[in-house]
Asker: 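Here's a structure for you.
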Amino acid sequence: MDLGLTGKRAIVTGGSKGIGLAIATALATEGADVVIAARGAEALSAAAADIAGKSGRTVVDVPVDTGDDASVQALVARVVAKLGGVDILVNSAATPWSAGKPTDFAATTDDVVRREVEIKVLGYLRTARAVAPHLIDQGWGRIINISGLGARQANSIAQTIRNVSVSALTKNLADELGPHGINVTVVHPGRTRTARLDEQLAEKSAESGESVADLERELATNSIRRIVDASEVADVVAFLASPRSVGITGDAIAVGGGVVGPVYY
């Protein structure tokens, strides 16, 4: 299936590693020119060179801090100057949720929640706000927000708030921008195979003596009983970024291999 992405121009925040890197690679492989944006300049440069080498497309790396509106505005200006415009925004720049963060009510301070909202929710809002006028002017565009299945679980106040808030942002943008030819969706990955997860499993294996394969089986509690790869999340995002996804907007797409038990409708 031709996704119709050849010649489209995409921004992927958080594009230097993990799911963001996989998404940028998938979009470029499908024919899009891609700007990857993140805070670490060295990792960005290496990622851009790797994606360009694999895809043959234009891949530009732009250091950005999505916590700073001026930095976000400069990013979009750079994209427009370099690529002549922008068609697709994928918001994936967020600090990963880790086991070390407080999850109980008593430990959930204002600052804990504020950090999560600042980085993941307001960061996504800033980039969408900067990109939307360009999409409106051309009458077409796609915005895909990467959230997480933490939106459907009550394991942590801060984690749930940040992921649910991304879904709320998505629906509001979809309803307002839809008449301008812009679709906005949110993708909820579950536990996903990335280089970071591979490193964590290797470290845990070395400490416990348990094999990596056994550790993976313990983690794979989803319906398909295996960990979804970042490239498989990227495949879904590539479709949502394409003209073929016109019938989907405002909705959440879970890409975690299925949650056993609950019925979502």
Asker: Distance-only, no hydrogens or angles: does the Ser211 side chain make a donor-acceptor pair with backbone N or O of Ser205 under 3.5 Å?
Answerer: no

Asker: Ignoring hydrogens and angles, tell me if any N or O in the side chain of Thr127 forms a donor-acceptor pair with the backbone of Tyr124 under 3.5 Å.
Answerer: yes

Asker: For the backbone of Asp33 and the side chain of Thr58, can you confirm whether one donor and one acceptor N or O come within less than 3.5 Å of each other?
Answerer: no

Asker: Nearest 0.5 angstrom please: Leu197 CG to Leu215 CG, how far?
Answerer: 10.0 Å

Asker: Just by modelled atom types, is the Asp65 backbone N or O under 3.5 Å from a matching donor or acceptor in the Ser71 side chain?
Answerer: yes

Asker: Taking Leu149 as the starting point, is it possible to reach Leu240 by hopping between hydrophobic residues whose side chains are less than 4.5 Å apart?
Answerer: no

Asker: Could you tell me whether Arg126 and Glu118 have a side-chain N and a carboxylate O separated by less than 4.0 Å?
Answerer: yes

Asker: Any salt bridge (Lys or Arg N to Asp or Glu O under 4.0 Å) pairs touching residues 1-28, not counting sequence neighbours?
Answerer: Arg9-Asp87

Asker: Does Asp50 reach the side chain of Leu21, with side-chain heavy atoms less than 4.5 Å apart?
Answerer: no

Asker: Distance only, no hydrogens: is a donor on one side chain within 3.5 Å (strictly under) of an acceptor on the other, for Asp229 and Ser231?
Answerer: yes

Asker: Tell me the closest heavy-atom pair linking Ala241 and Trp140, and the distance in Å.
Answerer: O-CH2, 3.7 Å

Asker: Is a side-chain donor or acceptor of Ser16 paired with a backbone partner of Leu44 at a separation under 3.5 angstrom?
Answerer: no

Asker: Are Val187 and Ile19 close enough that some pair of their side-chain heavy atoms sits under 4.5 Å apart?
Answerer: no

Asker: Answer yes or no: is there an ion pair linking Glu218 with Lys204, defined by an N-O contact shorter than 4.0 Å?
Answerer: no

Asker: Considering residues, nucleotides and ligands other than Tyr264, do more than 12 of their heavy atoms fall under 6.0 Å from its OH?
Answerer: yes

Asker: Hey, mind stepping through Val86 and Val35 against side chain to side chain contact (heavy atoms under 4.5 Å, CB included) and telling me if it holds?
Answerer: CA-CA 10 Å; Val86 58; Val35 171; over 6 Å; no

Asker: State, with a plain yes or no, whether a side-chain heavy atom of Val260 is found less than 4.5 Å away from one of Arg225.
Answerer: yes

Asker: Would you mind reporting whether His188 and Ser167 have side-chain heavy atoms less than 4.5 Å apart?
Answerer: yes

Asker: Is the shortest side-chain heavy-atom distance between Val79 and Val131 below 4.5 Å?
Answerer: no

Asker: Quiz question: by atom type and distance under 3.5 Å, do the side chains of Lys120 and Asn163 form a donor-acceptor pair?
Answerer: yes

Asker: Donor-acceptor check, side chain of Thr29 to backbone of Ser55, threshold 3.5 angstrom: yes or no?
Answerer: no

Asker: Can you tell me if Thr13 uses its side chain to pair, donor with acceptor, with the backbone of Ser92 under 3.5 Å?
Answerer: yes

Asker: Which residue is it: Ile143, Asn145, Asp251? I am looking for the one with a side chain to side chain contact (heavy atoms under 4.5 Å, CB included) to Thr170.
Answerer: Asn145

Asker: Would you check if the side chain of Asn183 reaches a backbone N or O of Val246 as a donor-acceptor pair within less than 3.5 Å?
Answerer: yes

Asker: Does any part of the side chain of Arg193, heavy atoms only, come nearer than 4.5 Å to the side chain of Asp198, both counted from C-beta?
Answerer: yes

Asker: Side chain of Ser45, backbone of Glu42: donor and acceptor closer than 3.5 Å?
Answerer: no

